[in-house]
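Read the structure below first, then the notes.
Below, read A as the first sequence line, B as the second, and so on, with proteins coming before strands; counting in each chain starts at 1.
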Protein chains: 2
Amino acid sequence: MPNKMKLSDADLLSLFHADPDFQTNFTPRHYARKTLVYSPFEEKNLVFVVRSGRLRIYLAYEDKEFTLALLEKGDVFSTHTPAFVQALEGTEILVCSTATFGQALARRPELSLTMVKVLGELLQNSIQTIEGLAFKDVRLRLVDFLLGAAADRGRVTAEGTVVQLGLGTEDIALLIGTTRQTISQIINDFIKSDLLQKIDRKTLLIKDLEAFQEMKEIS
Amino acid sequence: MPNKMKLSDADLLSLFHADPDFQTNFTPRHYARKTLVYSPFEEKNLVFVVRSGRLRIYLAYEDKEFTLALLEKGDVFSTHTPAFVQALEGTEILVCSTATFGQALARRPELSLTMVKVLGELLQNSIQTIEGLAFKDVRLRLVDFLLGAAADRGRVTAEGTVVQLGLGTEDIALLIGTTRQTISQIINDFIKSDLLQKIDRKTLLIKDLEAFQEMKEIS
DNA sequence: CTCCAATTGTCGGCTTGCCGACAGACCGCA
DNA sequence: TGCGGTCTGTCGGCAAGCCGACAATTGGAG
């Protein structure tokens, strides 16, 4: 079950250790919290791996935004896509231009499989997103998100599943394609129905996971 | 400007002529009008090229559908994506399983570039779609569609640009992510404003292309 | 501890677009 | 030339969710 919170499992980092020579193609870069890493207007295309921190991939149009994905340590991304990339916190990435990456590809053909894999996952992710936007209402999209987050980073306790989202209401809204207010509304509905509970600003306790599963199944 | 009506320019067909040996990996198949070519439940992944006819790539959920793309002669597609593929009319395609395609890739590395290109275009297309669904209302999405279609298959005449869509109202609705009724509504608004005119059921005359361009620019 | 800034909750009005229903138009076919 | 099936136009009611406004809460920084 692919998930917005994790873009790619292709473990490129291990490749670095296997072939240190290969690593020389990549140059490390640092970005401070909230700075722009890449904008679709730039000509250069890049391939990069996240070494630490968190990044946000998003679309912008007029004064609206939509978050496509969040990247964490180990995730791979290619700016084949006309989207913005922003550091959410202090972040270090290893960059390579697609040009030189292409050359590396030629020398080590098995790399192209990695490339195809990454693009494939990106594509999968987008289609998932389209499905959400085209077919599901906000409530259901939120449920999907919660289930995904739970599966991905949930810690099971006696009370239920604790999920450290690391995201505020607004952030969730951007990820789901709606407004802060609507998310707030729905989450509090869930809390009133005793399905959810707030641990602190950015972490939730899912008290009844099955209930959510069912909402997902039964239309 | 990428367009829903045309998925890929990667001219794989020419490769066939260049290397007839390569062609033996592909087996031709015929499909009758309205038959299902591929469903996401199948295990097998495929790569194929359209030789004649038209195909529709779509998502389905409960009793709704959403058309991701239409394919025509020369277009390449890979079922890396969990979507349905349906023949809109009598159609012939050349199929290859991704497995054997992978082997071919190994032998002819330059092919992987084609693969990356195809996936990249698919991705581009998806993101375009997400942008539409997330940011634009139906009217604007329709305008985008019309402009794209005009650029792609429009014939310029004294009256304006004639576009043979080959699609009915319902088909357009599925492509845009709305209902038949809403499309009908908006198109007739445009006709009343003298921006559009119906030639016959499936072809339109765009009388004022610039007006549409402007609607697109100015929010 | 206190205060400020940012985040979150809540409300009502308003718009978009869905849905069901039905009427009319069109097309191929016998 | 009439018939049946399909496609298209149009209406009214209705629900989802956006938006602006404002209040309440919270968490840090000093």
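- Every residue meeting the salt bridge (charged side-chain N to carboxylate O under 4.0 Å, His left out) condition with B:E65, not counting sequence neighbours, appears here in chain and number order: B:R56.
- Under the rule for a salt bridge (charged side-chain N to carboxylate O under 4.0 Å, His left out), the partners of A:D194 that lie at least two apart in sequence or sit in another chain are A:K207.
- The end-to-end axis angle of the helix from C:dC1-D:dG30 to C:dA30-D:dT1, rounded to 10 degrees and based on five pairs per end, is 40°.
- One interatomic measurement links the two molecules: NZ of B:K202 to C1' of C:dC26, which rounds to 13 Å at whole-angstrom precision.
- Evaluation of the side-chain contact (heavy atoms from CB on, under 4.5 Å) rule for A:T179 yields A:Q181, A:T182 as partners, not counting sequence neighbours.
- Applying the salt bridge (Lys or Arg N to Asp or Glu O under 4.0 Å) test to every pair with at least one member in residues 167-182 of chain A, sequence neighbours left out, gives no pairs at all.
- C:dT8 atom C1' lies 13 Å from atom CG of A:D171, rounded to whole Å.
- In this structure A:F135 satisfies the ring pair (Phe, Tyr, Trp, His ring centres under 6.0 Å) test together with B:Y61, sequence neighbours excluded.
- Partners of B:D189 under the salt bridge (charged side-chain N to carboxylate O under 4.0 Å, His left out) rule, at least two apart in sequence or in another chain, are B:R139.
- Across the protein-nucleic acid pair, B:K136 atom NZ and C:dT16 atom P stand 17 Å apart, rounded to whole Å.
- Open room surrounds CD on A:E159; 12 or fewer heavy atoms of other groups in view lie less than 6.0 Å from it.
- Listed by chain and number, the residues in a side-chain contact (heavy atoms from CB on, under 4.5 Å) with A:E42 are A:Y38, A:S39 (sequence neighbours excluded).
- Here C:dG17 presents its P atom at 16 Å from CG of A:D137, a figure rounded to the nearest Å.
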Would A:K216 and A:E210 count as a salt bridge (charged side-chain N to carboxylate O under 4.0 Å, His left out) if you check the C-alpha gap in whole Å, the side-chain angles of each, and the deciding distance to 0.1 Å?
CA-CA 10 Å; A:K216 193 186 162 122; A:E210 282 106 34; over 6 Å; no
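- With rounding to whole Å, B:I176 atom CD1 is found 11 Å from C:dC18 atom P.
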Filtered N/O pairs between nucleotides 10-13 of chain C and protein, under 3.5 Å:
unit_1, atom_1, unit_2, atom_2, d
C:dT10, OP2, A:N188, ND2, 3.3

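- Sorted by first then second residue, the ring pair (Phe, Tyr, Trp, His ring centres under 6.0 Å) pairs that include residues 156-193 of chain B, not counting sequence neighbours, are B:F190-B:F212.
- OP1 and OP2 of D:dC7 both lie 4.0 Å or more from every side-chain N or O belonging to B:T169.
- Between A:T178 and B:I183, it is B:I183 whose nearest contact on DNA chain D lies nearer the 5' terminus.
- A distance of 9.5 Å separates CG of B:L146 from CG of B:L209, quoted to the nearest 0.5 Å.
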Enumerate the protein-to-nucleotides 23-29 of chain D contacts in which both atoms are nitrogen or oxygen and the separation is below 3.5 Å.
unit_1, atom_1, unit_2, atom_2, d
D:dT26, O4', A:R201, NH2, 3.3

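- For B:K198 and D:dG9, the shortest distance from a side-chain N or O to OP1 or OP2 is below 4.0 Å.
- Atom pair A:I199:CD1 and C:dT8:P shows a separation of 15 Å (rounding to whole Å applied).
- Nearest-nucleotide positions on DNA chain D for A:V138 and B:E170 put B:E170 closer to the 5' end.
- Atom CG in A:L167 sits roughly 10 Å away from atom P in C:dT8 (whole-Å rounding).
- Legend: salt bridge (Lys or Arg N to Asp or Glu O under 4.0 Å) pairs involving residues 86-99 of chain A, not counting sequence neighbours, sorted by first then second residue: A:R51-A:E92, A:R54-A:E89.
- For A:F66 and D:dC18, the CZ to P distance is 12 Å, given to the nearest whole Å.
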